[in-house]
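So you know, we letter chains A, B, ... as the sequences are listed, proteins then strands, and number each from 1.
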There are 2 protein chains.
Amino acid sequence: MNARKTVTIEDVALAAGVSRQTVSRVINRGPNVKPAVRERIDAAIERLGYVPNLSARRMGGGKSFMILAINDRQRTLENWEAGRGNDWVDQMLFGGMTECEKHGYHLVFELIDAGADDAPRQLSRVIASLRPDGVVLTPPHSDDQALVSLLDERGIACARIGQREPSGHLDIFMDERGAAMEATRHLVELGHRRLTFIAGSPGYGNSRRRVEGFQSATRAAGISKDGATVLDGDFHFSTTAAVLEPLLKSRVRPTAIIADNDEMAFATLHVADRCGIEVPRGLSVISFEDTPGVRFSVPPLTAIRQPTARMIACACEKLIESASGKRAAGSFEIPHELIMRATTGPPPR
Amino acid sequence: MNARKTVTIEDVALAAGVSRQTVSRVINRGPNVKPAVRERIDAAIERLGYVPNLSARRMGGGKSFMILAINDRQRTLENWEAGRGNDWVDQMLFGGMTECEKHGYHLVFELIDAGADDAPRQLSRVIASLRPDGVVLTPPHSDDQALVSLLDERGIACARIGQREPSGHLDIFMDERGAAMEATRHLVELGHRRLTFIAGSPGYGNSRRRVEGFQSATRAAGISKDGATVLDGDFHFSTTAAVLEPLLKSRVRPTAIIADNDEMAFATLHVADRCGIEVPRGLSVISFEDTPGVRFSVPPLTAIRQPTARMIACACEKLIESASGKRAAGSFEIPHELIMRATTGPPPR
DNA sequence: TTTAGGATTGTGAGCGTTCACAAAAATGTG
DNA sequence: CACATTTTTGTGAACGCTCACAATCCTAAA
């Protein structure tokens, strides 16, 4: 009942009649071990229930078998505290953890204040303490050159999510522009000729790229400037509702709206309802986020689904690869998806 | 540009003109260090930007500065893969990570197959590898005696979430029964006399406790058996909708429904709509989960909000305390909340 | 002044791995 | 069969910290 003595590599070595180094080779799938010996060692490991101690591994060799995922403290806490939840983080955990698990890795989350003067210091502390094999940077950290340089300097591989300019690092992103074009095209094909895009924040790179996609697709469809308007929201419900109400009440209102996130899409649904406009009969709506609650809106929202989980999984995979020698670099575009639910249809005549 | 040499405790010792042990004492807030010396060391730490290496600390002493949070693999993956998200996990991360951060700890998530024969083996592997200072067990793992014993044997403190029988461990829970009573009372006070509780799964302890609360509250209000029915759902939309439709179409249908989770509450809203019953005019609905999407249902759901984040934060806090010597035991009830939104009102006449 | 006793500081050892290299065994070559 | 190669295995040392204990410094009582 008293704490059993820990099984160490030495115990296994003894049991298998070899040296610790040979056992180490087996654990690390190293070459140059006779099949017979390998088998004997595997058996001993199994029998003794040996599991390598991560801290010791980290001390001895270089690897920590740990990937660090960094999020913006302010945005993350805001979401949580407002009861809005954090589907983004949830997705990250899903993609990251399941991928890490496959390789015997662990995922650790940390928050860092984006843009703060001491952001590099904060990151520096975390990596000095944890010494992860790789770091996943999410927006807006992905764009922070100071952080990237710091990681470079320390020789820690990093993956940048949502960063599409090739940078000699790992850049993993979805095609925001293309997704906006796809959503727009879907609407155009349905017959819409007066569309509005409600942008989140002009300062937010992805918003910009989506607006571009929207404009480019409408232009390609031969829709005039007046038929393709862009409204500035701020990602939130009430502001969006306020901005939207006059628009939907005007005589030449749009017949389709693309919202930069779910909350603004919900606001759209809400305002439409108040204005007596039926969705999708009188107005089509597409959102650009697809959080889980979306399925239960009335009607369920058609939305572009961001492949967050897959992006993080990809990041982890590449980072883990790079920890075993390969140079970590390259651009990876992860496919998005337009999930058709019930808020799009042909425009009213 | 080439990887800077790591700053170790030895460097600090040298810079401050003391031995490593004295620096160690300062880091660990140990007693018996002259204020002047302490200051000198603190200054050196600051100047050199020293951050202790976690792995080395773990190797040297006992502590790993790491808390492990365990979830059920199947349920968790199911939620994720179905695109349902995992608000529970999200909340855990919020509560756990922010609390851990306060104490210089880190939170690591792992999945384990609940009920599987080798669940203890799975857990055993993770703790042998990570050697966390404490483990947070969530339902249904909280009830798994095999896991708890294993942890005991290994001398690792554990906190059980949702486990209310005092067990000599850390038991952290909310008052499910009381919450159900509160929801029921709210409805009764509004004037309802025909209520239905849609239970998730009879095998699920919390479902049982809620049903109890529901029945006890209706009984206390002098409502007959017929006026307080319990329906078995399975936590999912379609099944619930199917079960509910005949009920809501019957002549003596309930005027209020309490659903064991949001999805079933949404199903209720959906069926009500199809039956031409207006909510809350013709039917009141309360949910027992309160995921973020709930705010955007039409109408927004009134719900019992589970204090998941606070439960996990409490668990982490106590576990961390126990890592610094204190014995980890005790029962902690975390208060829940009935969030009033727009799905409850007086019954139709 | 001496000295016990507490407060403060330092020293060697050890935690469980992997690394770099040395040794031994197996294999091939002429 | 002797030798050069290659494959396989083993041996210190090191990683950065804390532990247990030893050494030193003070303080104050005798």
Side-chain angles (χ1 to χ4, degrees), chain A residues 3 5-41 44-45 48-66 104 127-131 133 155 323-325, chain B residues 3-41 44-45 48-66 104 127-131 133 323-325:
Chain A
K5 167 108 179 45
T6 314
V7 180
T8 76
I9 198 172
E10 209 76 48
D11 300 323
V12 177
L14 199 66
V18 295
S19 72
R20 36 180 169 64
Q21 183 56 33
T22 306
V23 178
S24 176
R25 283 194 188 95
V26 171
I27 300 169
N28 295 295
R29 308 220 164 73
N32 301 342
V33 180
K34 269 201 198 155
V37 176
R38 189 182 294 269
E39 253 171 59
R40 196 144 39 91
I41 294 176
I45 289 178
L48 270 52
Y50 167 70
V51 181
N53 176 324
L54 222 54
S55 301
R57 284 182 106 171
R58 163 71 233 181
M59 286 302 291
K63 302 209 285 184
S64 66
F65 299 91
M66 201 150 269
I127 60 177
S129 148
L130 242 32
R131 316 212 139 246
D133 292 346
S324 1
Chain B
R4 284 188 342 192
K5 169 109 176 46
T6 313
V7 180
T8 76
I9 199 172
E10 209 77 48
D11 300 325
V12 176
L14 199 66
V18 295
S19 73
R20 38 182 167 63
Q21 182 57 31
T22 305
V23 178
S24 175
R25 283 194 188 94
V26 170
I27 299 170
N28 294 295
R29 307 222 164 71
N32 301 342
V33 180
K34 271 200 199 155
V37 176
R38 190 181 294 267
E39 255 170 58
R40 196 144 39 92
I41 294 176
I45 289 178
L48 295 163
Y50 168 68
V51 181
N53 176 324
L54 223 54
S55 300
R57 284 181 107 173
R58 164 70 232 182
M59 286 302 290
K63 302 209 285 185
S64 66
F65 299 91
M66 201 150 267
I127 60 179
S129 148
L130 241 32
R131 315 212 141 246
D133 292 346
S324 3

**Q** Considering residues at least two apart in sequence or located in another chain, which fulfil the ring-ring contact (aromatic ring centres under 6.0 Å, His included) criterion with B:Tyr50?
**A** none
**Q** For B:Ser64, check side chain to side chain donor-acceptor pair (under 3.5 Å) against everything at least two apart and list the hits.
**A** B:Asp133
**Q** Taking side chain to side chain contact (heavy atoms under 4.5 Å, CB included) as the criterion, tell me which of A:Ile41, A:Val12, A:Ile27 meets it with A:Thr22.
**A** A:Ile41
**Q** How close do B:Leu48 and B:Ala15 get, heavy atom to heavy atom, and via which atoms?
**A** CD1-CB, 3.8 Å
**Q** For residues 29-40 of chain B, tabulate all N or O donor-acceptor pairs below 3.5 Å that involve a side-chain atom, not counting sequence neighbours.
**A**
| unit_1 | atom_1 | unit_2 | atom_2 | d |
| --- | --- | --- | --- | --- |
| B:Arg38 | NH2 | B:Gly30 | O | 3.1 |
| B:Arg40 | NH1 | B:Ala16 | O | 2.5 |

**Q** Between A:Ser24 and C:dT18, does any side-chain N or O lie under 4.0 Å from OP1 or OP2?
**A** yes
**Q** CD1 of B:Ile9 versus C1' of C:dT9: gap in Å, rounded?
**A** 14 Å
**Q** Below the 4.0 Å mark, does D:dT18 have OP1 or OP2 next to a side-chain nitrogen or oxygen of B:Asn28?
**A** yes
**Q** Taking atom types as they are modelled, is there a donor-acceptor pair under 3.5 Å from the base of C:dT18 to the side chain of A:Arg20?
**A** yes
**Q** Among residues 52-59 of chain A, which residues get a heavy atom nearer than 4.0 Å to DNA chain C?
**A** A:Pro52, A:Asn53, A:Ala56, A:Arg57, A:Met59
**Q** Measure the angle between the two terminal helix axes of the helix from C:dT1-D:dA30 to C:dG30-D:dC1, five base pairs each, and quote it to 10°.
**A** 40°
**Q** Starting at NZ of A:Lys34 and ending at P of D:dG10, how long is that distance when rounded to a whole Å?
**A** 11 Å
**Q** Check this one for me: any side-chain N or O of B:Thr22 less than 4.0 Å away from OP1 or OP2 of C:dG10?
**A** yes
**Q** Mind calculating the distance between NZ (A:Lys63) and P (C:dT18) to the nearest angstrom?
**A** 10 Å
**Q** Between C:dG10, D:dT9, C:dA7, which nucleotide has the shortest distance from any of its atoms to the side chain of B:Ser19?
**A** C:dG10
**Q** Between the side-chain atoms of A:Gln21 and the base atoms of C:dC19, is any donor-acceptor pair under 3.5 Å?
**A** yes
**Q** Please confirm whether any donor atom in the side chain of B:Arg25 sits under 3.5 Å from an acceptor in the base of C:dT9, or the reverse.
**A** yes
**Q** Which whole-number value in Å describes the distance from B:Arg40 CZ to C:dT8 P?
**A** 14 Å
**Q** Check the distance between C:dC21's P and A:Asn32's CG and give it to me in whole angstrom.
**A** 17 Å
**Q** Students often get this wrong, so: under 4.0 angstrom with heavy atoms, is B:Tyr50 touching a base, only sugar-phosphate, or nothing?
**A** sugar-phosphate
**Q** Output a table of donor-acceptor pairs, distance under 3.5 Å, between side-chain atoms of residues 51-63 of chain B and any protein atom two or more places apart or on a different chain; print 'none' if there are none.
**A**
| unit_1 | atom_1 | unit_2 | atom_2 | d |
| --- | --- | --- | --- | --- |
| B:Asn53 | OD1 | B:Ser55 | N | 2.7 |
| B:Asn53 | OD1 | B:Ala56 | N | 3.1 |
| B:Arg57 | NH2 | B:Asn28 | OD1 | 2.7 |
| B:Arg58 | NH1 | B:Gly62 | O | 2.6 |
| B:Arg58 | NH1 | B:Arg131 | O | 3.4 |

**Q** Applying a 4.0 Å non-hydrogen cut-off, can you work out what B:Gly61 is touching in the nucleic acid: base, sugar-phosphate, or nothing?
**A** sugar-phosphate
**Q** Rounded to whole angstrom units, what separation is found between the CZ atom of B:Arg131 and the P atom of D:dT18?
**A** 18 Å
**Q** Rounded to the nearest Å, what distance is computed from the CD atom of residue A:Glu10 to the C1' atom of nucleotide D:dG12?
**A** 13 Å
**Q** Taking the side chain as C-beta and beyond, is there a heavy-atom pair between A:Val18 and A:Val26 under 4.5 Å?
**A** no
**Q** Quick one: pull up CD1 in B:Ile45 and CG in B:Asp11 and give me the separation to the nearest 0.5 Å.
**A** 12.0 Å
**Q** Quick one: pull up CG in B:Leu14 and CD1 in B:Ile9 and give me the separation to the nearest 0.5 Å.
**A** 12.5 Å
**Q** Under 4.0 Å: is that the gap between some side-chain N or O of B:Thr8 and OP1 or OP2 of D:dG16?
**A** no
